[in-house]
> 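Below is the structure I would like to discuss, written out as structure tokens.
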There are 2 protein chains.
Amino acid sequence: MTLTEENYLKALFHLSTENEEVSVLDLSKSLTIKMPTVNSMVKKLSGKGLISYEKYKPLMLTQSGKRAAGLIIRKHRLVEMFLVQHLGFGWDEVHEIAEQIEHIKSQRFFDRIDQLLDFPKVDPHGSPIPDINGEVVFQNYKKLEECVENQMVMFMSVGSSQDSFLKLIDKLNLKLGDIIKVLEIQEFDKTMRVLVNETSEQNLSQMVAANILVKT
Amino acid sequence: MTLTEENYLKALFHLSTENEEVSVLDLSKSLTIKMPTVNSMVKKLSGKGLISYEKYKPLMLTQSGKRAAGLIIRKHRLVEMFLVQHLGFGWDEVHEIAEQIEHIKSQRFFDRIDQLLDFPKVDPHGSPIPDINGEVVFQNYKKLEECVENQMVMFMSVGSSQDSFLKLIDKLNLKLGDIIKVLEIQEFDKTMRVLVNETSEQNLSQMVAANILVKT
DNA sequence: AATTTTTGTTAGACTAATCTAACATTTTAG
DNA sequence: CTAAAATGTTAGATTAGTCTAACAAAAATT
């Protein structure tokens, strides 16, 4: 598979987990590649049995397409974990590099990284690392936004990996694993005042709270 | 620069250190890319000021071409070192993976690897790692082949990185840094009987001895 | 010095991945 | 339910990197 094909599969995989149906336009926007190009690549991948495609119908990954995409995402997330844990990168710096390294052709390279990291189950953003069959374990975390006053939860994952969001979380001194207690929710704008690890108080806008995924 | 362009520069750099003059045919053979393709790529790189090219004349890297090539080789060798020292690969397994990772676009990635390795000066094969300006320090090692009876030398580098040669050296239990004493040279075929680290005796064919680079 | 061989160049075709322009279908809205 | 808008498809052009075939120059050989 070419690097380009891998990127199409990965994008379709991500869109499929976020939306019920995925259109050519969705895929086109997500890759910032024009629709006719996407259209022809989709046909090509359909020919390879990775995408099931019928004219004017929503796009779907086949079983083998899902597996292939899962394996690429596995590589991506393993690499992100490696970059953070062994090369000292911040969680906001790793995406771009992992995008490149995920395409390296060497099973053993990724096996060794997996081993070096002691077989991690999540990446630095709390997203699950697919297993060696490309299978992802679904996480049913809740958005902090949905929590009520006085509830105590643990910060497990982020809903966005946008640079600006991750940097903000850093600035707020929040880390995965932190215990968050909801102290007060402003009725007007849903801003939350929270207590982190029983020590520091922070105010979180609704938009931030919506991207903080927690376990109760 | 594209991956392809980087590979042309690297190949030309290597050929230039091995030979006084490098022809289009040499480069073509070394890349296993047909001459007309090489010809047009050489023109392209000449247009970018990386190769100085005149019709029917030998090929030469410009200063900036040399620097660019040196920096790619630096990345390659840093990665090889990392693969051996931190991921447990054998020195015969790292070339192919390094060929891919050397093209990653991220200065910081390689800086961190350099730091993690504590700024190594040579790669796992004893080849020098170019500095941050792509400058290579010339090593004037001698071939073991050229040594005389009773001479004691240190194994510093290999003259070939062919898989089969590296595996053979492993099988002979030879490692970089070993002390080699020449016990006897067969007049007939120049086979050498050597003593390694004062302990194990080995017989080395002339071809092997020619690819063992030593410091006296 | 002339001829042959080797090396180098030019011209033109092919593939993968992209694009724009034009056309077609489906969905949405009045 | 038709017209407009949104989405999807087809056709054809473009670029990077490759190739083969044909031709040209330089080097080697006789």
Side-chain angles (χ1 to χ4, degrees), chain A residues 1-16 18-61 65 68-69 72 99-100 102-105, chain B residues 1-16 18-61 65 68-69 72 99-100 102-105:
Chain A
M1 230 186 330
T2 66
L3 181 149
T4 308
E5 291 173 346
E6 291 191 345
N7 284 336
Y8 276 81
L9 288 186
K10 199 169 41 122
L12 181 49
F13 187 100
H14 283 132
L15 289 169
S16 300
E18 292 156 19
N19 312 281
E20 200 52 46
E21 300 204 325
V22 180
S23 65
V24 175
L25 185 62
D26 294 334
L27 191 50
S28 165
K29 280 177 183 161
S30 128
L31 290 163
T32 55
I33 288 174
K34 293 290 188 296
M35 285 185 65
T37 309
V38 172
N39 182 274
S40 66
M41 186 56 87
V42 160
K43 283 182 186 165
K44 183 177 169 192
L45 291 169
S46 160
K48 292 192 173 191
L50 296 163
I51 291 181
S52 68
Y53 166 73
E54 285 176 87
K55 270 192 184 180
Y56 302 106
K57 291 273 150 57
L59 304 176
M60 280 201 316
L61 286 170
I72 300 159
E99 285 284 297
Q100 298 177 64
E102 71 191 6
H103 302 292
I104 298 298
K105 270 33 183 185
Chain B
M1 230 185 331
T2 67
L3 181 150
T4 308
E5 290 173 347
E6 291 190 346
N7 285 335
Y8 276 81
L9 288 185
K10 198 169 43 125
L12 181 50
F13 186 99
H14 284 132
L15 289 169
S16 300
E18 291 156 20
N19 312 281
E20 199 53 46
E21 299 204 327
V22 180
S23 64
V24 175
L25 185 63
D26 294 333
L27 191 50
S28 164
K29 280 178 182 160
S30 126
L31 291 163
T32 55
I33 288 174
K34 293 290 189 296
M35 284 186 66
T37 308
V38 172
N39 182 274
S40 65
M41 186 56 87
V42 160
K43 283 182 187 165
K44 183 177 169 191
L45 291 169
S46 160
K48 293 191 173 192
L50 296 163
I51 291 181
S52 67
Y53 166 73
E54 286 177 86
K55 270 191 183 183
Y56 303 106
K57 293 274 150 57
L59 304 176
M60 280 200 317
L61 287 171
I72 300 159
E99 285 283 296
Q100 299 176 64
E102 71 191 7
H103 302 293
I104 297 298
K105 269 33 181 185

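This structure is a prediction, so every number in the text was calculated from the model and none was measured. Chain naming here is simple, since letters A, B, ... match the order of the sequence lines and numbering starts at 1 in each.
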> For T2(A), report the nucleic acid contact type (base, sugar-phosphate, nothing); a contact means any heavy atom under 4.0 Å.
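It contacts sugar-phosphate atoms only.
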> Quick one: L59(A) CG to dT7(D) C1', roughly how many Å, whole number?
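Whole-Å distance recorded here is 12 Å.
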> Expressed in angstrom and rounded to an integer, what is the separation of M35(A) atom CE from dT7(D) atom P?
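Checked: the CE to P distance equals 8 Å.
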> Whole-Å distance between dT9(D) P and K44(A) NZ?
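These atoms are roughly 18 Å apart.
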> For the side chain of P36(B), counting heavy atoms from C-beta on, which of dG8(D), dT9(C), dG8(C) is nearest?
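So the side chain of P36(B) is nearest to dT9(C).
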> Tell me whether the side-chain N/O atoms of K55(A) come closer than 4.0 Å to OP1 or OP2 in dT10(D).
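For K55(A), the contact criterion (side-chain N or O under 4.0 Å from OP1 or OP2 of dT10(D)) is met.
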> Classify T37(B) by what it touches in the nucleic acid, base, sugar-phosphate, or nothing, heavy-atom distance under 4.0 Å.
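Since a base atom lies under 4.0 Å of T37(B), the category is base.
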> Hydrogens and angles aside, do T4(B) and N7(B) bring a side-chain donor and acceptor to less than 3.5 Å of each other?
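No, no side-chain donor-acceptor pair sits under 3.5 Å.
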> When the distance from NZ of K34(A) to P of dT10(D) is rounded to whole Å, what number comes out?
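Distance, rounded to whole Å: 20 Å.
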> On a heavy-atom basis, which atom in G65(B) and which in L9(B) lie closest, and how many Å separate them?
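Shortest heavy-atom contact: O-CD1, 4.4 Å.
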> Considering only dT9(C), dT20(C), dT18(C), which nucleotide approaches the side chain of T4(A) most closely?
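Among the listed nucleotides, the one closest to the side chain of T4(A) is dT18(C).
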> In this structure, how many angstroms lie between the P atom of dT10(C) and the OH atom of Y56(B), rounded?
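Distance, rounded to whole Å: 7 Å.
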> Side-chain N or O of K57(A) less than 4.0 angstrom from OP1 or OP2 on dG8(D)?
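False: K57(A) side-chain N/O out of range (4.0 Å or more) of dG8(D) OP1/OP2.
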> Determine whether F13(B) and V22(B) make a side-chain contact, defined as any pair of heavy atoms from C-beta on separated by less than 4.5 Å.
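No; the side chains remain at least 4.5 Å from each other.
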> Could you tell me how far apart I33(A) (CD1) and dA16(C) (C1') are, to the nearest whole angstrom?
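Taking CD1 of I33(A) and C1' of dA16(C), I get 12 Å after rounding.
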> For M60(B), I'd like to know if atom CE has over 12 heavy atoms of other residues, nucleotides or ligands within 6.0 Å.
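No, CE of M60(B) has 12 or fewer neighbouring heavy atoms, counting only those of other groups under 6.0 Å.
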> Using whole Å, report how far NZ of K29(B) lies from P of dG8(C).
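Value for this atom pair: 9 Å.
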> Roughly, in whole Å, what's the span from NZ in K43(B) to C1' in dT10(C)?
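Taking atom C1' of dT10(C) as the reference, NZ of K43(B) is at 7 Å.
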> Side-chain contact test, heavy atoms from C-beta onward, threshold under 4.5 Å: evaluate it for Y8(A) versus L50(A) and give yes or no.
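A side-chain contact under 4.5 Å is absent here.
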> Do any side-chain nitrogens or oxygens of Y8(B) fall under 4.0 Å of OP1 or OP2 in dT18(D)?
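Answer is yes, contact under 4.0 Å.
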> Any side-chain N or O of N39(B) less than 4.0 Å from the OP1 or OP2 oxygen of dG8(C)?
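So the side-chain polar atoms of N39(B) never come under 4.0 Å of the phosphate oxygens OP1 or OP2 of dG8(C).
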